Amino acid sequence: LASLASLRALLKLTAVCGFSGYLVSSMGQKVFVRAFDSDQRLAGVAFLYVGVEAVKSVSFIAFQEDPYKLVPLGKDINRVCVTKADFFFADGQLSILTGDEEGIIRIYDYNPHDPESKDGRHLLLRTEFNRSTDGTLASLTPIEEYAFKRLQLLQGQLTRNVQHVAGLNPKAFRIVRNDFVSKPLSKGILDGNLLGHFEALPIARQVEVTKEIGTERTTVLKDCIGVNAPW
């Protein structure tokens with residue numbers, strides 16, 4: 001490893017990442033984009049004031065090279081204390097994935113063509129899902145729509161027909177209280193822990209459960225293998 005440059009700053013560096021040859025960092029109330037100049041010195045090319053309020057949730061920002069600038073595209077207008085955010089890609093579509101201090105996962109879309117987005121200024125909340133009791137998440141992976149629908153039906157059967165620890169309802173546990181929507185938004189994420197109970201059932205019971213949702217045991221097992229394949 002070789003040190004190419006160093007940067008002295010009076011403010012605390014809270015986040016850093018790189019993309020396409022640029023260095024992005026968060027310092028104090030600003031986000032900076034830096035690059036090497038002709039003398040191989042690390043120079044700032046763009047910055048954006050973001051403020052310091054802890055419950056501003058997440059914003060979607062674009063970086064423009066000609067001229068250099070950071071352009072806000074959309075943001076979540078609700079008050080959420082986000083502790084982690086990342087991009088999530090599936091079938092050529094981009095979503096924004098966040099986790100907050102209460103252990104809740106949220107998935108947002110940026111769609112300026114949707115009237116609810118106010119020309120893209122507001123990110124669209126598509127899914128929110130309560131994680132495990134200690135806030136950890138083993139993995140999150142995209143799944144084909146046809147398999148998702150089958151496993152969603154299976155999840156419903158397992159919720160109703162499988163004995164749960166201490167009689168607790170896994171569906172109710174994953175639901176996030178949200179006073180701004182008419183119904184819970186938890187259907188966009190399947191509960192892998194709950195689906196894992198299917199393979200532990202006796203074969204005769206597996207056949208019975210899958211028959212109730214109009215499919216076959218082998219088909220559901222292939223779906224489960226497909227979900228677990230990346231890991």
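Note that the structure is predicted; figures quoted are calculated from it, not measured. Numbers here simply count residues along the sequence, with the first being 1.
- Grouping the Ile, Leu, Val, Met, Phe, Trp and Tyr side chains by contacts below 4.5 angstrom, directly or via other members, places L190 apart from V176.
- V71 is connected to V58 through a chain of hydrophobic side-chain contacts under 4.5 Å among Ile, Leu, Val, Met, Phe, Trp and Tyr, so both are in one cluster.
- Separation of atoms CD1 (I105) and CZ (F88) is listed at 10.0 Å; rounding is to 0.5 Å.
- Contact between G74 and L123 at its shortest, heavy atoms only, is C-CG, 3.9 Å.
- Using a 4.5 Å cut-off on side-chain heavy atoms (C-beta onward), K222 and V227 make no contact.
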Extract all donor-acceptor atom pairs below 3.5 Å that involve side chains of residues 146-155 and protein atoms in other chains or at least two apart in sequence.
unit_1	atom_1	unit_2	atom_2	d
K149	NZ	E145	OE2	3.4
R150	NE	D223	OD2	2.7
R150	NH2	D223	OD1	3.1
R150	NH2	D223	OD2	3.3
Q152	NE2	K187	O	3.2
Q155	OE1	D191	N	2.7

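- Residue G120 comes nearest to Y110 through the heavy atom pair O-CE1, 3.2 Å, listed as atom of the first residue, atom of the second, then distance.
- Side-chain contact check for P72 versus L48: some heavy-atom pair is nearer than 4.5 Å.
- Ion pairing of K211 with E208 is absent here, as no side-chain N (NZ or NE/NH1/NH2) approaches a carboxylate O to less than 4.0 Å.
- With values rounded to the nearest 0.5 angstrom, N111 atom CG is found 11.5 Å from L94 atom CG.
- No donor-acceptor pair closer than 3.5 Å links the side chain of R126 to the backbone N or O of I107.
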L23/V33 under side chain to side chain contact (heavy atoms under 4.5 Å, CB included): CA gap, chis, key distance, verdict:
CA-CA 6 Å; L23 180 68; V33 179; over 6 Å; no
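- Residue R205 qualifies as enclosed at atom CZ: its count of foreign heavy atoms under 6.0 Å is above 12.
- No side-chain donor-acceptor contact under 3.5 Å links Q157 to the backbone of R160.
- I104 has its side chain out of reach of F129: every pair of non-hydrogen atoms, C-beta onward, lies at least 4.5 Å apart.
- Between the side chains of D109 and S95, at least one donor-acceptor pair of N or O atoms lies under 3.5 Å.
- Note on V209 and I203: separate hydrophobic clusters, where clusters join Ile, Leu, Val, Met, Phe, Trp and Tyr whose side-chain heavy atoms are under 4.5 Å apart, directly or indirectly.
- A donor atom on one side chain and an acceptor atom on the other are not found under 3.5 Å apart for T215 and T210.
- In this structure, Q40 places its CD atom where more than 12 heavy-atom neighbours from other residues, nucleotides or ligands lie under 6.0 Å away.
- Separating the CD atom in Q206 from the CZ atom in F198 is a distance of 4.0 Å, to the nearest 0.5 Å.
- A pairwise comparison of heavy atoms in A90 and P142 identifies CB-CB, 3.5 Å as the closest pair.
- Considering CD1 of I96 and OG of S59, their distance stands at 8.5 Å, rounded to 0.5 Å.
- Of all heavy-atom pairs spanning L195 and L158, the tightest one is CA-CD1, 3.9 Å.
- Side-chain heavy atoms closer than 4.5 Å link hydrophobic residues (I, L, V, M, F, W, Y) into clusters, and following such links, even through other members, never connects I77 to V82.
- By the 4.5 Å heavy-atom criterion applied to side chains, C17 and Y22 are not counted as neighbours.
- The backbone N or O of K118 sits less than 3.5 Å from a side-chain atom of R121, completing a donor-acceptor pair.
- In this structure, a donor-acceptor pair under 3.5 Å is present between the side chains of S25 and R34.
- Partner of R106 under the side-chain hydrogen bond (donor to acceptor under 3.5 Å, both in side chains) criterion, chosen from T127, D76, N78, D100: D100.
- E216 CD: 12 or fewer foreign heavy atoms inside a 6.0 Å radius.
- For CG of D91, the number of neighbouring non-hydrogen atoms (other residues, nucleotides, ligands) closer than 6.0 Å is 12 at most.
- Distance check, rounded to the nearest 0.5 Å: NZ of K75 to NE2 of H122 gives 7.0 Å.
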Steps toward side chain to side chain contact (heavy atoms under 4.5 Å, CB included) verdict (E199, C224)
CA-CA 9 Å; E199 297 180 60; C224 294; 3.9 Å; yes
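- Remark: K30 qualifies as a cation-pi partner of F47 under the 6.0 Å distance and 45° angle criteria applied to the six-membered ring.
- The two residues A62 and L73 make their nearest non-hydrogen contact at CB-CD1, 3.7 Å.
- Remark: C81 SG to E102 CD distance equals 9.0 Å, nearest 0.5 Å.
- Nearest heavy atom pair, residue T98 against residue A85, reads CG2-CB, 4.1 Å.
- Using a 4.5 Å heavy-atom threshold, the side chains of V24 and F32 count as separate.
- Aromatic ring orientation, F63 versus Y68: parallel (interplanar angle below 30°, classes split at 30° and 60°).
- Looking at L124 and D114, their side chains come closer than 4.5 Å, going by heavy atoms from C-beta outward.
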